[in-house]
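Only one structure is covered here, and it is reproduced in the block below.
To find a chain, count down the sequence lines: A is the first, B the second, and so on, and within it residues start at 1.
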Amino acid sequence: MKLLELLGYFNYWVFAIILTVGLYAVISKSNLIKKLIGLSIFQSAVFLMYITMDKVEGGTAPIIQAGMKDQVFSNPLPQVLILTAIVVGVSTLALGLAMVVRIKESYGTIEENEILGAD
Amino acid sequence: MDLLAHLPALQVIVPMLSAPLIVLLQPRGLAWAGATAVALLSFAIAVSLTLAVLDGQTIEYAMGGWPAPYGIALSVDAFSALMLLVVTGASTAALLAAKPSIDKQIELGRQPLFYSAWLLVLSGLVGIVVAADAFNIFVFMEISSLASYILIAGGPDRRALPAVFKYLIMGTIGATFYLIGVGLIYMMTGTLNLADMEARIGDVVEINPVLVAAGFITIGLALKAAVFPLHVWVPNAYTHAPHMVTVFLAACATKVSLYVLIRFDYMVFQSKLVDHDMQFAMFAMPLAILGILVASAVAMFEGHLKRLLASSSVAQIGYILLGASLVSVIGLSASATHLFNHALAKGGLFLAVACLAYQYKDLRLDQLGGASTRMPWTCAAFVVCGLSLIGVPGTAGFISKWLLINAALQSGPWGWGLVAIILISSLMAVVYIWRIVEALYFNDPVEDDVLTSSEAPLQLLLITGLVAILNIYFGIFPQVPLELANSAAALLMEGAK
Amino acid sequence: MIPETAILAAIVLPLAGALAIALAGRISPNLREAATAITAISLIWVVWGLLPTLMEGGRPSVEVSEVLPGLSIAFKVEPLGMLFAALASGLWLINSIYSVGYMRGNNEKNQTRFFACFALALSATMGIAFAGNLFTLFLFYELLTLSTYPLVAHKGDAATVRSARIYLGVLLSTSIGLFLPAIIWTYMAAGTGDFTAGGILAGKLNDPEIGLLLGLFVFGIGKAAVMPMHKWLPAAMVAPTPVSALLHAVAVVKAGVFAITKIIVYIFGIDFLFAAPSSQWLLYAAAFTIITASLVAMRQTNIKRLLAYSTIAQLSYVVMAAAILKPLAEVGAAIHMVAHAFGKITLFFAAGAIYVASKKTEIAQLRGIGKRMPWTMAAFTIGALSMIGVPPTAGFVSKWYILAGAFEANNLIAVFTIIGSTVLNAAYFLPILYMVWFEQEKEGGKEHGEAPVLAVLALCLTALLTLGFFLFNGPVIELESQVVKGLG
């Protein structure tokens, strides 16, 4: 019973694990690109959390059509929210990569410790 | 059409829609003129909104006519009005003064893009302030953050790039934490509207997710607000950013996140979560105290002018948080007043730094010799704003420190201990400000060239002087910000009951 | 002029004067000096114009702004403040005459900054004198510290900057660390900080707290130089002599003892304080300072440092007189402020004149100087006699009143302290006088005569005042007696 309960939260476990993995990569990696990859993993954990919460048991895609009655839908709001958050994430990633390009241009490296040593 | 009723929306929309248009203004100087005009307009809107809420009422606005729980709602009360004044005021003052400094630091061809990013920051920050739902706050936060990364990295200093990268990483982590918190609350309450959240959070049976959410939101926002010890991104970002960007961001950017933090903790959690006031106080107060003491100590030994002031900003954030952590009307009022006053003082200081940067390439303290002879007005303005930062009576800084001390004394048995910390840190501020004053006034010039008076351009100087005078004015006639702060505090505590 | 306007004018005038001096300094030094003179004369006209109102018992007051509820910038003229303002404004004019002679005779740099800051300091002094509540007093107290800092650091070399740092450090940290908490405590306890006849704390505080609060005030007001908060005063002697003369013998230090007296009389109330045993320590602290500072003064070899330690001792006279807590002694405290001001400013003027004429700064160098500078040294002699308290000088009058107050209170400690310190004063001033007049100058010294005529004129004027006060002190005593009328 206990085990089932835990497994019932399967998505949330995955969320937590991905979140920590991403955060770990951001903190531990010295390579700036790897940091950004970590950041993306970190963010996608949150996407998963939002997608999970919109699921309604027995619900289908929330598209209203003529003649539908007593139909159960998934909650469309978190989906919309997470679309926005994904867009934000993509822009952040793009900007981060642009920064890495400029850092590479001016420092000739993308390793954090070497950059810190350069100035 | 009643334009007045749409002011809350216009506050955000005007700078946001102008931002792409500014890019088109390629001819010399036009982009600056356009951006400044938009900033002035935003400031005017903020002032009229302030006048409307001065008597303590709240303006609600439903985007596109959709009512609150379904549509996007904006709301402006006394607290947001105070914040709007700070944000739009800082941006206007910085832009008015900016042209000579920006011309020197940013190449002409990229200036329209730069000003466009500036307006995006502005619209993001005001968006955070007026937004009445948690997710829009997130979106606006990211708009302002992304645009401000661009502003900071826009200068000629290559050290800004790693600084921005660090800021980007930490900022994104902060925003994501916030998003997690919002998601958890949405799961438990089914709403994103702050007012609705507050109403429904009491009905939540299983309280643990809400507690976790409160933790995520508080820490995420604390990261963005540079609360000690989550402030490590601040000194480098402020130091290597273009000088005018530092003026703008140091005056208001972190404070907006702090504003959201205070709003969330008071309006949403405080009322229904049992013991939340205790938890919040226990979490925030030690951080605030440590931040005040450690950051002031760091500033005392810092050798670079801008980095020194950046460290002091971290300490000042500590003051604001300390007031909030007392969970009382007078404490919150002290916090809100200090939001306003510190923006004045630090904005003025960084403006004076921008003036100094006109003559001095290297802004380390030991390189600033002879500044008082070369730039007497700049140095005078610097001293006035510095006194305000210390909290000398007769300046704006004193008002908030006095309120804070009063709040501490009324908070109970540890009151005197808090007072001692505030006074000690004021003395530390005397030390670090006076190190700068001695450098400006008594150091010998490093180069042997003839000292002549060569002030910063008039435009820059006038605004700097004006801000310095405002520091004194609001020290003697603080009624307007005080009134706003008081009704803001009353509103917040009402939410907490 | 209506009194309310006069109060504001007294503060705004020197402020405007500072601006005028700064602007005029760019055109010509003569114009700048004219601006100083005009400001000083009109300040006297404004301040002394308030005297008749005060004599008739009027207490004009004006409120500028209520900064926070219960906390306002407000002014109120009462006899103590009136006396202080009249003294400072009057001596400023004489000091300005002297400064012109001194600064030009010495070819000092940055004279414009010097005169502008001086005017600023006077504005702060007027604010202190007329302050109607503790907050206003504190505001101008800090302003005075800040505006005198550039004057102390005037020379700008490393040693001077270090001394100026001590000056600022001691004064600011005592005021923020002790004075401000005392003010906050007072506001918390009494709900107000207005200076009110009879005090505002009666019944609001209990015994050990009274002594503690008094301690916060006395040591927080570092300008009064009660030991151990006296370090800044010898440090401040690096300033040009006119600064030491007006600010560190009159305006700044008197602002300190004035504030303490005012707080004792109008915040605590002397009867309330007299009844509290825990306030007794102040008398001992002041007595200790008097004796110790006098002993230290005996060991000084530099003229200005000797005068500085003498000032520390004399300031504690005022504090001790106030701490006797008897009407006659309070009057004595007020009069001693005036008497000491006349005498000490004369001494500093003389020291400065000696420096301008001969570049001598040490006491041992003064042998036989009386023959070269008869006017200066005659004035010096009068000043020194007044410090000891010999008739017919001003110092005698005030010591008389303080002694009378001490006897009235049966306070033997005060009596013996006064007698002891008089002996000590005599012991360090009389040998100097002997040396100056009766010993032979060392061979091969520099040839010199009197100091610039403006400087000599000024110091003769203050010496005359020192003598004159012995004879014509009636109005002052009458005015100050109002402070304690109906008490005791």
Tyr12(A) and Phe15(A) aromatic centres sub-6.0 Å: no

Chain B contact via Leu81(A) - side chain, backbone, both or neither, heavy atoms under 4.5 Å: both

Gln105(B) side-chain N/O to His243(B) backbone N/O, donor-acceptor pair under 3.5 Å: yes

Side-chain donor or acceptor of Lys306(B) paired with backbone N/O of Asn236(B) under 3.5 Å: no

NZ/NE/NH1/NH2 to OD/OE distance under 4.0 Å, Lys35(A) and Glu112(A): yes

Met16(B) vs Phe140(B) side-chain heavy atoms within contact, under 4.5 Å: yes

Interface moiety of Ile115(A) toward chain B, non-hydrogen atoms closer than 4.5 Å: side chain

Options Leu19(A), Leu95(A), Val87(A), ranked by heavy-atom pairs under 4.5 Å with chain B, top entry: Leu95(A)

No-hydrogen, no-angle side-chain donor-acceptor test under 3.5 Å, Tyr186(B) and Asn75(A): yes

Ile143(B), part contacting chain A, at a heavy-atom distance under 4.5 Å: neither

Contacting region of Phe165(B) [heavy-atom separation from chain A under 4.5 Å]: side chain

Phe138(B) and Tyr178(B) aromatic ring geometry - parallel, tilted or perpendicular at 30°/60° bounds: parallel

Between Ser311(B) and Glu302(B): side-chain donor-acceptor atoms closer than 3.5 Å: no

Side chain proximity check, Val260(B) to Val129(B), heavy atoms < 4.5 angstrom: no

Most contacts with chain A, counted as non-hydrogen pairs under 4.5 angstrom, among Val182(B), Val139(B), Ile173(B), Ile150(B): Ile173(B)

Residue-level contacts of residues 211-234 of chain B with chain A, using a heavy-atom cutoff under 4.5 Å: none

Part of Ala98(A) lying under 4.5 Å from any heavy atom of chain B: neither

